[in-house]
Structure formats: C-alpha cells, structure tokens
Amino acid sequence: MTAQRGAIGRLLGGLLGRLRAGWGTAASLLLLIVLWEIGHAVYGSLLLPSPRETAAALWQMTRDGKVLPAVIETGRDALSGFLAGVVLGALLGALAGLSEVARRLLQPIATLMLGIPAIAWVVLSLLWFGNSGLAVVFTVLVTCAPIVFASAAEGVLSLDGALRRMARAFRVPRRVLVLDVYLPHMLSYLFPAVATALALAWKVAVMTELLSGAGGIGDGLATARAQIDTAKAMAWILLVVALLLAIDHLLLDPLRRRMLIWRREIPGAALPTARRGGGVDA
Amino acid sequence: MTAAAMDATSHDALVVEAVSHAYGAEPVLDGVSFVLPAGRIGGLIGPSGCGKSTLLALLGGLVQPERGRIAHPFRRPAYAFQDPCLLPWRTARDNIAFGLTALPLSRAERIARAERLLAVVGLSPEDGEKYPHALSGGMRQRVALARALAVEPDLLLLDEPFGALDVGLSRHLQALVRRLIDARRLTTVLVTHDLAEVVRMADRIIVLSPRPARVAARHDIALPFSVRDDGFVQAEVARLLADPAIARALAYDDAMPRER
C-alpha cells in the first residue's frame, strides 16, 4: 500500500518535473519570438521578416510540396553519413583501444581530422563527388567519425577493470560478458560523442547541400538567398532547428535520462563529461 | 616437513603446498603452505601488497600457480571483493542474478533466487529495485555478498570485504557473514590486513610476511564465534603481536606501498 503510494508519488513528481521543464522551454521560446518581432519592427521585412511572415512562407512552401522531399533528402543523407561515421569511428576507436600500435598510428590522424574545418571537407567532397548526395554523406562521415573515435578508444581502454575481473570470477559466459558488461560500458562512453555527432551531422549536411545545390534543405536555402527571399530563408532555418530539436527531445533525451540513472559511477573509470539532459530532477 | 603434511589427514580440506608465484620477474608468493579443514574460516593476514589477493585468485582457480600445489574438493568458489564491483546499469536484484548466469538456470529461476538472497542479507524487495548508486556502502557490500552466496558456493573467498566500511557497519556485517557461513558450513578464506577482524572472524589465522609472501605464523582460535567478545579480541590481538614473527611481518604495514 505504502509502496504503491510511493510509486504514484514518484510518477506524479516526475510528471510535474517534466511539465516544469516544459514551461521553461516554452517561456524561453516565447521570449525569442518577442525579440524576433522587435527586430522585425526595427529592421523591416527585407532584413528580418516577422515570425508570421516566416510561418506563412513555410506554409506556402509546404503546400508547394517542397518541404517534405527536402526534409527526406537531407535526413537520408545526413543520417546515412552519420551512421557510417559512427560505425567507422567506433570500429577504429575500438581498434585503437585494443592495440597500442594502432593507437599511435590512428590518434594523430583523428586529431588532424578534427582540426580540419567542416567547410574544407565540403569543398573537397564537391570536387571529388560532384553535385550528388554522396558529397553530403561523405562530408558528414568524415566530420562525425573522429568525434566518435576518441570516446570509443577511451571506452575500450577502460574495459579491463574491476567489473571484468568480477565477471571472470563468477565464470560468466562470454555472451553475457559482452551484452551485460562490455556493451553498457561502451555505450556510456560513446553516447555523449554520438549525440554531439548527430547534431553536427544535420548542420554539416545543410552546409554541403547549400554549396552543392544538389537538393535538400540546404539547396532550398541557397535558392532563397539567390532570390533574396529572407522569409523563405528563415522558414528553412526554422525547419532545420525544429528537426534538430525533435530528434534531441524524442530520441536523445529519453536515452540520456535512462543512462543518467547509472552513468555516475563505473568502478575504476573516470567518466567523460556528461551532457546534462533537460528536465531531470537530481 | 611443513604444516601441510602435519594435518593433511582429511581429504575434504583446502591444501596449499609450497606455492610460489611471480608477476614477470617479481616474485609475489614464495613457498606458501597451509591447510584449512572444510567448514572452517581461514584468515589470511599480511601487510598491504604482500600478495594476499594473488593467493586468493590462485585458490579460486582464476590463476594457476607457477610452482607448488593447491588441492581441494570444492567445485564452486565464489568471491566478494572490497570494491563491491556491482554493475551500475543493473538493479541490486539483477546484480545478484548476474553471478548466476554461469549456472544452468532459467531467467525466472535466477530472479527468484536473487530475491531470496536479498532477504538473506537483510535487504528489502524495494532495495532490490534500486540501482547501486542509490545504495549505501554497506548495502552495496550486502548485494555483493548475496551475489556470492547465490551461486551456492562450497568455497567462499572474501577479499577485504569490510575494508571500505566504518567500524560499526563492518562489525554488523562481520556478524552477518559469520552467521551465514556457519549456517551453510561454508569453507571460507578471508583476506584482510586488520588483525582484530581476523581474530574476530577466523578459526585459523595464517600470517604472511611482506612480499614475496611466506607464511610467518599460523594460529588457531578454538573459541566459538558467538563468545568472542571485545575483551577476548583485544587480549588475543595483544598476545599475537607479542610473537616477534607476527609483529615483524605486520609492522611493515605502513612502509609498504598499497596493493591497489
């Protein structure tokens, strides 16, 4: 009975916490819209179209059937580049974690790749792949992979700790060792890097599309610029931001919240700095 | 010759005979011998870094000795460490069940046994639902103990399981552990660097010298656990320290680097 009441109390508390966090977000968004409106009043429609004009432009673009194909194209290229980058970065990072030689060879390359500006990759990939979706995939891949690489290496390096010794002492089968010890450990290291890479993937994808003119949201932005149609440009930006927020809140935040439950302590391993998830009551 | 020959009469004893081991060029154990009859608690005491944990790993079969012989009839050793080593991503209950994955049990059976063990070590079902970070140090150590007992071991290996707890809590857990061990007639090897703890807990004390470890002294305590009060423990500790061999072995405690 008391346990039941406790559970209900916790549920209510969680819901209230969520709502409170939601109000915070709504209030800050409202503030931004107010500032936007003021900016519009000062500078006029050419420089800064009002939120209403932007919404109208977005609605018009949607009715013209431009938005959905662009979103699908950008999403497809960004996500495939992201996935390929994460897989490549995680595999090479794991390799670097396992072998000293591989680490010495790969680490400087990863650092070098991190140092190359994304826009440089855009230019190169346009030269190599032309105005195709492949240029987007490639650019996203090479910007995401080195981010994931470092955390994967760190994760594997710290695997050989107390937990592994304990699992061995209990003669735990290999399958359980991988699924219950290695995998959660690796995820706790990889997750922050993967979240960062996902956000970056969208930005880089839009940037590449803008310069390649190969379609997608970036291409829409380029067209709006050519037509000096600021309302349309703002509408595309709004779309990118909305997509990014949707992914963060619907996909990453629930994962982040789940991981926060146990992330705080892994014996014998310092944790990489955790991104604090929104709306989590400590 | 050695004590091993002295009372190696019973076949159901833990027999360690002239065991030597080295990590690379550095010798850790140098001809360690002792016998522990089944159903008894053996206390291995020595200065930090003297190779106690290595000896424990050898007893559990995790490591093979380079020289010498370890013989015992036990088939299922289980460990509890000073660091409870719980999986942070599993609840207390699932951590207990984790140690059972090596046994041919269904998931439901593992969970049922884990829930039973929660009660045995004095944790509530609500505690079982908690993740390790939400448990106190003493509760975590109970979970680690439950995980070890859950596999129904015939040899229990305890590596300074009370080392990280405050005095009151460790006394409480010592009594609990001794009760659980006695109820199961479980052969147990307890590693510690606390002489009072080993006097309170063990039936047979084996004092190891600094690394490379040799047996510096052996001492049996016949008094039943239930009547070992503070006075007895204090007197016994003083009596043991009066033995020059024991005092010499343990005096290194502060000068030696920590094992972990």
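Just so we're on the same page: letters track the sequence lines, and every chain starts at 1. Computed from a predicted model, the values in this text were never measured in an experiment.
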Point to revise | Chi angles and distances behind the salt bridge (Lys or Arg N to Asp or Glu O under 4.0 Å) call for B/Asp83, B/Arg140 | key: CA-CA 9 Å; B/Asp83 180 337; B/Arg140 286 186 220 182; over 6 Å; no
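Remark: A/Leu177 CG to A/Arg164 CZ distance equals 7.0 Å, nearest 0.5 Å.
For A/Phe170, there are no ring-ring contact (aromatic ring centres under 6.0 Å, His included) partners two or more places apart in sequence or in a different chain. Evaluation of the ring-ring contact (aromatic ring centres under 6.0 Å, His included) rule for B/Tyr79 yields B/Phe81 as partners, not counting sequence neighbours. Every side-chain contact (heavy atoms from CB on, under 4.5 Å) that A/Val142 has, sequence neighbours left out, goes to A/Met113, A/Trp121, A/Phe138.
Contacts between B/Arg147 and chain A at a heavy-atom distance below 4.5 Å involve backbone atoms as well as side-chain atoms.
Looking at A/Phe82 and A/Val194, their side chains come closer than 4.5 Å, going by heavy atoms from C-beta outward.
The stretch residues 101-124 of chain B places B/Thr101, B/Ala102 near chain A, each with some heavy atom under 4.5 Å from a heavy atom of that chain.
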